[in-house]
Structures are given as C-alpha cells and as structure tokens.
Amino acid sequence: MSALLQVRNVTKKYGGLTANNDISFDVAENEILSVIGPNGAGKSTLFKMISSFTPTTSGEILYRGERISNLKPHIVARKGIVRTFQETTIFKSMTVRESVVVAQHLRAKASLAGYFWGSKTAKEDVAAFGRYADELLEFLGMSGISNELASNLPQGNLRALGIAIGLATDPKVLLLDEPFAGMNHDETMRMVDLVRSVRDERGVTVMLVEHDMPAVMNISDRIVVLNFGEKIAQGTPSEIQNNEKVIEAYLGSADDEIGM
Ligand SMILES: Nc1ncnc2c1ncn2[C@@H]1O[C@H](COP(=O)(O)OP(=O)(O)OP(=O)(O)O)[C@@H](O)[C@H]1O
Ligand SMILES: [Mg+2]
C-alpha cells in the first residue's frame with residue numbers, strides 16, 4: 001500500500017481534555033477510508049487537524065511524504081485536501097450553479113486584479129468555471145436543479161451540493177464529516193453511490209466520518225475506529241464488525257444509534 005496520507009502519532013489536547021491520543025494510520029491513494037466511533041470519540045477533531053483547521057498538539061500529518069499539519073488551511077486546501085462542511089450556509093443566497101462556479105475560484109489562475117479589470121484571463125476563467133460547473137452538476141445528477149437557490153434545496157440535495165462545492169476545487173482527498181446524517185435509506189444509498197463514483201471516476205481519495213453503520217460497511221475499503229480519543233482498531237469492514245474491542249466500545253456507549 002502506497003500511503004497518500006500518513007497520520008503519525010497525532011495528539012490533540014483541548015486544555016485538560018485529550019480529544020485525540022497518539023493516533024497513527026495511513027490512507028492509500030484512491031481508497032475510501034471511514035473513521036467511526038461513539039459520540040465525542042474525536043473523529044471531527046481528527047478531520048479538522050488533517051484539513052489544518054486546528055493545529056495538532058503533537059505528532060504530524062504527511063501528504064505525499066510532505067508535512068502538512070499546522071500549515072494554514074487554505075494552503076492545505078490548495079494542495080487538494082478538502083473538507084466539506086455540514087452546512088453550506090455561505091452559498092445559500094446563490095443558485096446551485098453559482099455556488100459551484102464560486103467554489104472554483106480557489107483554484108483560479110487569474111489574479112484578483114485581473115478579475116477586477118476584467119482581463120482576458122479572468123474572462124476565460126469565468127467561462128471555464130461555468131463549463132466545469134455544468135459538467136460537475138451533470139456528473140452528480142444535479143443538472144435539473146442547477147438554477148435553484150441553494151436555500152430552497154431539501155437536505156439530500158444540499159448535501160450533494162456540499163460535495164459538488166468540494167469537487168469544484170479539484171480535490172485529491174475529500175474529507176466528508178457525516179455525509180449521510182439526516183438522510184433516509186434511499187437518500188443514503190444514492191449518496192453512497194455518488195461518493196463511490198467520485199472515487200471511481202474522479203480518482204479522489206475519500207475519508208469519511210459516519211454513524212450510519214450499514215452505509216459505512218457498504219462503502220468503506222477500510223475503517224479506523226476511535227474511542228475516547230484512542231484508536232482501538234483498524235481493518236476491513238468484516239474485520240471491524242467482528243472486532244471484540246469495537247463491539248465493546250459500541251455496546252458500552254450511552255446512545256444507541258449504532259445498528260451494527
Ligand atoms: N474546540 C473545542 N474545544 C474544547 N473541546 C473540544 C473542542 N472540539 C471538540 N472538543 C471535545 O473533544 C472531544 C472530541 O470531539 P469531536 O467533535 O472530535 O468528537 P466526534 O467523534 O466528532 O463526536 P460526534 O460523533 O458527536 O460528532 C469531545 O469531548 C469534545 O467535547
Ligand atoms: Mg463529529
């Protein structure tokens with residue numbers, strides 16, 4: 001396995017609370033790796049460190065062998081490590097297509113001044129952004145709603161828009177924090193297919209945090225399990241389902257939303 005991303009002995013402390021303790025694992029190029037664990041286990045914290053939205057307390061994260069932990073988040077995003085947000089609030093006053101166009105500015109070639117003065121490069125970029133937005137929306141099966149206001153979208157479409165916005169920045173690694181939350185079975189299955197095609201057809205490596213165990217078991221190549229900030233297991237879905245420590249962690253957890 002050639003590691004695309006390496007999490008090396010990463011610890012995160014919030015004051016006296018250890019949210020992640022000495023976590024290590026590798027992510028291979030083109031795999032779908034899920035991080036699971038009971039509420040408060042430290043999953044979102046780990047994603048925030050990988051995308052550099054919060055610094056590590058110790059340890060390091062490498063991307064293609066290069067240290068990326070504790071760089072500025074926009075630098076990490078430019079390298080292609082992109083976290084999607086649960087709420088796409090910033091884009092809600094725009095249409096679906098406009099949101100996807102704007103998201104591409106992250107990888108824009110023209111300078112800001114170029115945009116201001118309407119330079120040739122800027123105009124070419126804007127036209128190209130529109131074409132790519134249409135292509136992405138078609139790929140995601142969202143062409144029919146491209147002119148809808150984001151604020152009018154139902155939950156499932158809003159989540160798909162979050163993925164479209166993430167994809168618009170041309171990511172190499174997409175981090176999805178609870179992409180299936182609040183979705184019914186059919187919506188979840190559609191999203192599972194969509195995430196898989198993002199990997200299969202766009203060559204994007206996917207990491208996701210999810211509580212929906214049937215979906216996790218269906219979509220994941222490998223799973224890392226956290227409990228109280230510790231990594232307690234990693235393996236294939238069938239290995240994880242039969243892991244004593246994992247079963248214990250879930251049976252011992254107070255809220256019983258895990259249908260393993
Ligand atoms: N900014 C913060 N300041 C202080 N403590 C925090 C902060 N963010 C998270 N924590 C704490 O760190 C621990 C891990 O939180 P985290 O959000 O990573 O858990 P999680 O596994 O994503 O949980 P959930 O499944 O509920 O989303 C929790 O005890 C949480 O209260
Ligand atoms: Mg979380």
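Order of appearance sets the numbers: ligands from 1, and atoms from 1 within every ligand. All heavy atoms count here, side chains included; hydrogens, waters and symmetry mates do not. Positions are given from 1, in the same order as the sequence printed here.
- Comment: Glu60 does not engage Arg8 in a salt bridge, judged by the lack of any side-chain N to carboxylate O separation of less than 4.0 angstrom.
- Closest protein heavy atom to atom 27 (O) of ligand 1: Glu178 OE2, 3.6 Å.
- Considering backbone and side-chain N/O of Ala41, one or more are found under 3.5 Å from N/O of ligand 1.
- Judged purely by distance below 3.5 Å, without hydrogens or angles, the side chains of Ser44 and Asp177 pair a donor atom with an acceptor atom.
- Geometric assessment of Arg159 against the ring of Phe180 yields a negative cation-pi assignment under the 6.0 Å and 45° thresholds.
- Near Leu17, with a cut-off below 4.0 Å to any heavy atom, the atoms of ligand 1 are 11 (C), 12 (O), 13 (C), 29 (O).
- Protein heavy atom in closest approach to atom 28 (C) of ligand 1: Gly40 O, 3.9 Å.
- If you check which protein heavy atom lies closest to atom 17 (O) of ligand 1, you get Ser44 CB, 3.8 Å.
- Of all protein heavy atoms, the one lying nearest to atom 1 (N) of ligand 1 is Tyr14 CE2, 3.6 Å.
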Stepwise salt bridge (charged side-chain N to carboxylate O under 4.0 Å, His left out) test for Asp221 and Arg199: CA-CA 11 Å; Asp221 297 313; Arg199 187 273 301 275; 3.0 Å; yes
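- Judged by distance alone, the side chains of Arg97 and Ser146 never bring a donor and an acceptor atom under 3.5 Å apart.
- Contact between Lys48 and ligand 1 is absent, with no heavy atom of the residue lying under 4.0 Å from the ligand.
- Contact atoms of ligand 1 toward His211: 25 (O) (distance under 4.0 Å to a heavy atom of the residue).
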Pair Lys79-Glu66, salt bridge (charged side-chain N to carboxylate O under 4.0 Å, His left out): steps then yes or no: CA-CA 11 Å; Lys79 288 181 189 293; Glu66 179 200 358; 3.0 Å; yes
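- For the ligand labelled ligand 1, residue Lys12 lies outside the 4.0 Å heavy-atom shell.
- Taking backbone and side-chain atoms together, Ser44 has an N/O/S atom less than 2.8 Å away from the Mg ion (ligand 2).
- Taking a distance limit of 4.0 Å, we find that atom 31 (O) of ligand 1 is approached by no protein heavy atom.
- In this structure, Glu31 and Ala28 approach most closely via the heavy-atom pair OE2-N, 2.9 Å.
- Residue contacts with ligand 1: Ala19 is placed with no nitrogen or oxygen under 3.5 Å of a nitrogen or oxygen of the ligand (distance criterion only).
- Side-chain atoms of Thr54 and Lys12 include a donor-acceptor pair closer than 3.5 Å.
- At least one heavy atom of Gly42 sits closer than 4.0 Å to an atom of ligand 1.
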Stepwise salt bridge (charged side-chain N to carboxylate O under 4.0 Å, His left out) test for Glu29 and Arg64: CA-CA 10 Å; Glu29 184 147 24; Arg64 297 191 193 279; 3.6 Å; yes
